[in-house]
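The block underneath contains the structure these notes are about, expressed in structure tokens.
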Amino acid sequence: MEAKIKKELGTSTLKATGYSGSGCISEGHSYSTDNGTVFVKINHKSQAKEMFDGEMASLEAIIKTETIKVPKPVKVIELDTGGSVFVMEHVNMKGLTKYSKVLGEQMANLHLHNKRQIDKLIEEQQTVGKEAGQSEVATIEKYGFHVPTCCGSIPQENEWQDDWVTFYSRNRLEHQLNLVEKSYGDREARELWTLLQPKIPQMFADVEVVPALLHGDLWGGNVAECSEGPVIFDPASFYGHSEYELAIAGMFGGFNSSFYSAYHDKIPKAPGFEQRNQLYQLFHYLNHWNHFGGGYRGSSIRIMKDLVK
């Protein structure tokens, strides 16, 4: 493996630094190279390349916004023995402590970036003498992403949709429930989904949803800080509703009140926020059910029952 990495990176030096970081999906190690220190994620499963390609595209998209620090991606390399590795910048990180407020501000800026681009484009088009099509402002007006991304190891259906309710219902919840059906044949989950699906549009009756670039898996294990400020990593990005981001953040802790205060100073809670937060947490409980088994069934069923009341 190391010979392949050296060849692909064009480095004569590839020396393990002793730093490693492993999650439940992939393992990772840092190496010194001719061009500095890199962090290498390793996964030997057949779907590793798709997973890492999605992560690389996510990091690239976040970097373009210039709103928050992420590790710079270098290369996805397929291994001859099966699986792939993902090489990225090594960032000296530690647990998030003093930069919680800044993280809240920067996450809000990430979520507002596309809206600000859209507003800028509209302003330019209204300027006298500005020719249509002359602007180079990049905007996204649909929901989805240009490649599949994985929340965990399960690929997300990121096909573009014009409407957020359609995207979230079909590409997120229904996709996960289909996987539950396939693995467990859970009749109660299917019956509750039949009741819940028609109610979802009502939850967005008074809300304007502008496509926002999301990290997509913002739990406490995917945030940290370095000497420069906060860092987010392991993204599963797509363009969606900014509120979606806060669902998993609230499920497993790791974010204090200064994070939320700073975030909501820039993006205030809209009416119905709490109910939609439950709706967004449902995806993550279903996703955990599909990853880790029936221990997450109870939470998934409970949320669906609450939402159909």
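Nothing fancy with the numbering, it's 1 onward along the sequence.
- The main-chain N or O of L214 is found under 3.5 Å from a side-chain atom of S237 such that the two form a donor-acceptor pair.
- Checked against the 6.0 Å centroid criterion, the rings of Y31 and F39 do not qualify as a close aromatic pair.
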Discussion item. Applying side-chain contact (heavy atoms from CB on, under 4.5 Å) to F283 and I303, what does each step give before you reach the verdict?
Written reply: CA-CA 10 Å; F283 165 81; I303 287 180; over 6 Å; no
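- Atom NZ of K4 sits in a crowded spot, with more than 12 heavy atoms from other residues, nucleotides or ligands closer than 6.0 Å.
- Under the 3.5 Å distance criterion, the side-chain polar atoms of Y285 are left unmatched by any main-chain donor or acceptor of R302.
- Judged by distance alone, the side chain of N43 and the main-chain N or O of I25 form a donor-acceptor pair under 3.5 Å.
- Ion pairing between a basic and an acidic side chain is recognised when a charged N comes within 4.0 Å of a carboxylate O; K269 and E243 show no such pairing.
- You'll find the side chain of L286 stays beyond 4.5 Å of the side chain of Y296, heavy atoms only.
- For E50 (side chain) and P155 (main-chain N/O), no donor-acceptor pair under 3.5 Å exists by modelled atom type.
- Transitive grouping of hydrophobic side chains (ILVMFWY, heavy atoms separated by less than 4.5 Å) keeps L59 and V87 in distinct clusters.
- Side-chain rings of W289 and Y184 approach one another, their centers coming within less than 6.0 Å.
- At least one side-chain heavy atom of M51 sits less than 4.5 Å from a side-chain heavy atom of S26.
- Side chain of R297 to main chain of D186: no donor-acceptor pair is present (N/O by atom type, distance under 3.5 Å, no hydrogens or angles).
- Contact annotation: the side chain of V70 never approaches that of V231 to less than 4.5 Å [non-hydrogen atoms, C-beta and beyond].
- With hydrogens and angles left out, the side-chain atoms of T11 and N35 include no donor and acceptor closer than 3.5 Å.
- In this structure, the side chain of N114 does not engage the main chain of L213 through any donor-acceptor pair within 3.5 Å.
- Proximity of E123 to D119: side-chain heavy atoms (C-beta onward) are nowhere separated by under 4.5 Å.
- Here H241 and Y143 keep their ring centres 6.0 angstrom or further from each other.
- Contact annotation: the side chain of Q117 approaches that of T139 to within less than 4.5 Å [non-hydrogen atoms, C-beta and beyond].
- Both tests hold for R172 against F238: distance to the six-membered ring centre under 6.0 Å, angle to the ring axis within 45°.
- Remark: W160 CH2 is packed, more than 12 non-hydrogen atoms of other residues, nucleotides or ligands lying under 6.0 Å away.
- For the pair E55 and D234, the minimum side-chain heavy-atom distance is below 4.5 Å.
- Between K69 and E89 there is a salt bridge, with a side-chain nitrogen of the basic residue lying less than 4.0 Å from a carboxylate oxygen of the acidic one.
- Smallest separation of non-hydrogen atoms from S30 and T37: CB-CG2, 4.2 Å.
- Between K142 and D163 there is no salt bridge, since no side-chain nitrogen of the basic residue lies less than 4.0 Å from a carboxylate oxygen of the acidic one.
- Under the 4.0 Å criterion applied to side-chain N and carboxylate O atoms, K64 and E60 are not assigned as salt-bridge partners.
- Counting non-hydrogen atoms of neighbouring residues, nucleotides and ligands closer than 6.0 angstrom, the NZ atom of K266 exceeds 12 such neighbours.
- Using a 4.0 Å cut-off between charged side-chain N and carboxylate O, R187 and E191 make a salt bridge.
- A donor and an acceptor atom, one from each side chain of D217 and H215, are nowhere located under 3.5 Å apart.
- Within the 3.5 Å criterion, the main-chain N or O of I62 finds a donor-acceptor partner in the side chain of T65.
- Contact annotation: the side chain of F86 approaches that of P73 to within less than 4.5 Å [non-hydrogen atoms, C-beta and beyond].
- Aromatic pair Y239/H111: ring centres not closer than 6.0 Å.
- T149 and Q156 share a side-chain donor-acceptor pair at under 3.5 Å.
- The main-chain N or O of N109 is never found under 3.5 Å from a side-chain atom of H113 such that the two would form a donor-acceptor pair.
- A salt bridge links E8 and K75; the closest N-O separation between the charged side-chain nitrogens and carboxylate oxygens is under 4.0 Å.
- Classification of the W164-Y244 ring pair by plane angle, with boundaries at 30° and 60°, yields perpendicular.
- Judged by distance alone, with hydrogens and angles left aside, the side-chain atoms of D34 form a donor-acceptor pair with the main-chain N or O of T13 at under 3.5 Å.
- Around the CD atom of E181, the shell of radius 6.0 Å holds more than 12 heavy atoms that belong to other residues, nucleotides or ligands.
- Of the possible polar contacts, none joining the N290 side chain to the G293 backbone as a donor-acceptor pair under 3.5 Å is found.
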Item to complete: Give the C-alpha distance, both sets of side-chain angles, the deciding distance and a yes or no for salt bridge (charged side-chain N to carboxylate O under 4.0 Å, His left out) between K115 and E208.
Response: CA-CA 11 Å; K115 183 181 187 303; E208 181 194 15; 5.7 Å; no
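- A continuous path of hydrophobic side-chain contacts links I68 to F255 [ILVMFWY only; heavy atoms under 4.5 Å].
- If you chain together hydrophobic residues whose side chains sit under 4.5 Å apart, L282 and V165 fall into the same group.
- At least one side-chain heavy atom of M1 sits under 4.5 Å from a side-chain heavy atom of I42.
- Of the N and O atoms on the side chains of N171 and Q161, at least one donor lies less than 3.5 Å from an acceptor on the other residue.
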